[in-house]
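Heads up, the thing below is written out as structure tokens.
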Amino acid sequence: MKTFECGCMFETENDQIIYNPDITKLPLNCKATWDLICEGNTKGVFQLESQLGRSLAKQAAPSNMEELSDLIAIMRPGCLEAIVDGKSLTQHYIDRKHGREEVTYGHESVKKVLSSTYGVIVYQEQVMQIAQELSGFSLGQADILRRAMGKKKKDEMEKMRKDFIDGAVNKKVNKRYAENLFDQIEQFAGYGFNRCHSVPYALIAYQTAWLKAHYPSEFMSSTLSAELDSTDRIQMFVDDCRSIGLEVLKPDINLSFFEFQDLNEKTILYGLGAIKGVGESLVNSIINAREKGPFKDLYDFCLRVGSNRLNKRVLTTLIGSGAMDSIGERKKLYNLIDSVLKKAEQSLERSESQIQDLFSDDLSREEEIDLRGNKEEDFDILTNEWSSLGFYLESHPIEGKREEVRKMCGLFISELEEATHKQRVAGMLMHLNVRQGRHGRYAFATLDDSTSRLEISVWSEAFDTYRSVLKKGQIIVVEGVVEKDNYSADKNNPSYKMMAERILSFDQARKEFIKFIKISVNKNFKEFDYLTSQLREMSSNGSGSPVVISYSGDKAKADIELPRELTINVDDVSYRSLESICGKGNVDLVYYARPHIH
């Protein structure tokens, strides 16, 4: 055995580590594991993977199993919803642990019970102990108190309250103190957590955190494989893989299996089973067919897997996911589907009929012609990747709009800083977590503009107003005040969050913030009539953005604003149409200047 810097012991042989740890015999003082927990890097870790769990892990910063058990308990409604002196028991625990609040007990009997949790009631067992120590309850009476609080029976509670206060007074405890303490217990105990549950939960949390800290590739591939039916969770864990330095390779019909595979300590291969509409039976057929060698092209794939197992929908999904990139370009493969399926089906029929083809040489040449495809259909890589995987694994919809985002917003997310004035950002809506609160529904969202990510809080009023715009995978524009995230794991490179005040779709933002559309032409431009007719077709009758023709000749230059009835609502289709007529780089979306939003 050998102890490494992380504090963990591994079995070694000739100084080589043997990676077969006994999960029941892990060292409980592993620095790498505690660092992972305290940094909130706990996606996939038992009990701590939620946003609340990650946030409280960073705030509480546990360093031993007792404190980890406390953390799991203070995440429960008993501590979160019990308000004392204006803040929850959860916040009291955190502030007292870090010395930001004085630890007080009020009585030696209470100190005896609550000293390990900084004078804060964390467990149901502590309620029972306080009743015994302070008020002289028997163990049976203390358990009746616990059950009465859990069931919230008013008549039983009134009796328990009287017995608790009378018992405390009989032991020379101040009556007002006993009354206040019972009020606090009453708030907590109905939803309090049992220590007998919290301790084993903490052990499992530590074990999973240890695995993530020391076997990240194996741990994350197993975690992803357990979530094949949940696109949202796959996206979350893929993002987490990247944040901890793991590369997730796109699916590949020549390499992937049904589940995710850890190829090495830094690389995970996407599982075919996580592609929408691709079942285990089909994946098994693909795996069996490629035992004779890798697939060479689309026809080879259809022929060997069996055209009876495939159809256009399945092939489109496989192509869209990137799983067929090893045999061709996505658009070309998509345009071959119909002819290839037809040819593969004919080959299968000949094979089943056992009729020898006397014209095999001619057939081979005919296949080559058919494989070129008979038509060219548009294949949008972004749309199909989203349809196949439920998120963007390799592509990013904002890449083609970076220059426009700069003009619209002024800053990318990576350039944001804390400020008191409103700021504007654009990005793809990566995650959306909608919750129900006392004042209605609210949401936490994650925005990504390929330079960085920003956490957005959408409180109930803003959520009710803009919820129709909050669609995952879409580019949205958000205005609000940016604040520093005080619980960022990296203190040297702080992250920020925004409180959303306005949320717009990208096209809505274009309509509001574009000053005019500038079309540049010169004396050699020959398509004036066609341009005019297209502008009339695209016109929004005065409700869109103004159009300015910027003409440049040998002896004169002029900017001509077109009539109001020729305004245009800019979207990707209209923008591409204008570029196709006037040439790339000759259509400029001019935005209103904005140092910041007032």
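Count residues from 1 along the sequence.
Ion pairing between a basic and an acidic side chain is recognised when a charged N comes within 4.0 Å of a carboxylate O; Arg330 and Glu394 show such pairing. The existence of a salt bridge linking Lys87 and Asp95 is confirmed by a sub-4.0 Å separation between a basic side-chain nitrogen and an acidic carboxylate oxygen. In this structure, Glu385 does not pair ionically with Lys250, as no charged nitrogen and carboxylate oxygen lie closer than 4.0 Å. Using a 4.0 Å cut-off between charged side-chain N and carboxylate O, Arg54 and Asp240 make no salt bridge.
No hydrogens or angles considered: nothing links the side chains of Ser505 and Gln474 as a donor-acceptor pair under 3.5 Å.
Nearest heavy atom pair, residue Ser574 against residue Met538, reads CB-SD, 3.8 Å. In this structure, Glu49 and Gly44 approach most closely via the heavy-atom pair OE1-N, 3.0 Å. What you find for Thr317 and Lys276 is that their closest heavy atoms are CG2-O, 3.0 Å.
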- Mind running side-chain hydrogen bond (donor to acceptor under 3.5 Å, both in side chains) on Ser550 and Asp559 for me, showing each step along the way? CA-CA 4 Å; Ser550 181; Asp559 288 343; 2.9 Å; yes

- Message: Pair Lys43, Asp239 - check salt bridge (Lys or Arg N to Asp or Glu O under 4.0 Å), show working.
- Response: CA-CA 10 Å; Lys43 288 182 181 177; Asp239 291 343; over 6 Å; no

- Query: Going through the distances and angles, do Asp85 and His92 end up as a side-chain hydrogen bond (donor to acceptor under 3.5 Å, both in side chains)?
  - Reply: CA-CA 9 Å; Asp85 296 331; His92 279 295; 5.0 Å; no

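Looking at Ser55, its side chain never comes within 3.5 Å of a backbone N or O of Leu52 through a donor-acceptor pair.
Phe295 and Phe301 have perpendicular rings, their planes meeting at more than 60° on a 0 to 90° scale where under 30° would count as parallel. Classified by interplanar angle (parallel below 30°, tilted 30° to 60°, perpendicular above 60°), the ring pair Tyr442/Trp459 is tilted.
Results of the side-chain contact (heavy atoms from CB on, under 4.5 Å) test with Ile568 over Ile517, Ile514, Leu562 single out Ile517 as the only residue that passes. Each of Leu454, Ile398, Ile475, Val405 was evaluated against Asp449; a single residue qualifies, Ile398, per the side-chain contact (heavy atoms from CB on, under 4.5 Å) test. With Lys401 as reference, Asp572 is the one residue of Asp507, Asp572, Asp571 to meet the salt bridge (Lys or Arg N to Asp or Glu O under 4.0 Å) rule. Tested against Ile413 for a side-chain contact (heavy atoms from CB on, under 4.5 Å), the candidates Asp448, Val482, Thr451 yield a single pass: Thr451.
In this structure, Arg402 satisfies the cation-pi test against Phe412, with its NZ or CZ atom closer than 6.0 Å to the six-membered ring centre and inside 45 degrees of the ring normal.
Summarising the local packing, NZ of Lys518 is surrounded by 12 or fewer heavy atoms from other residues, nucleotides or ligands at distances under 6.0 Å.
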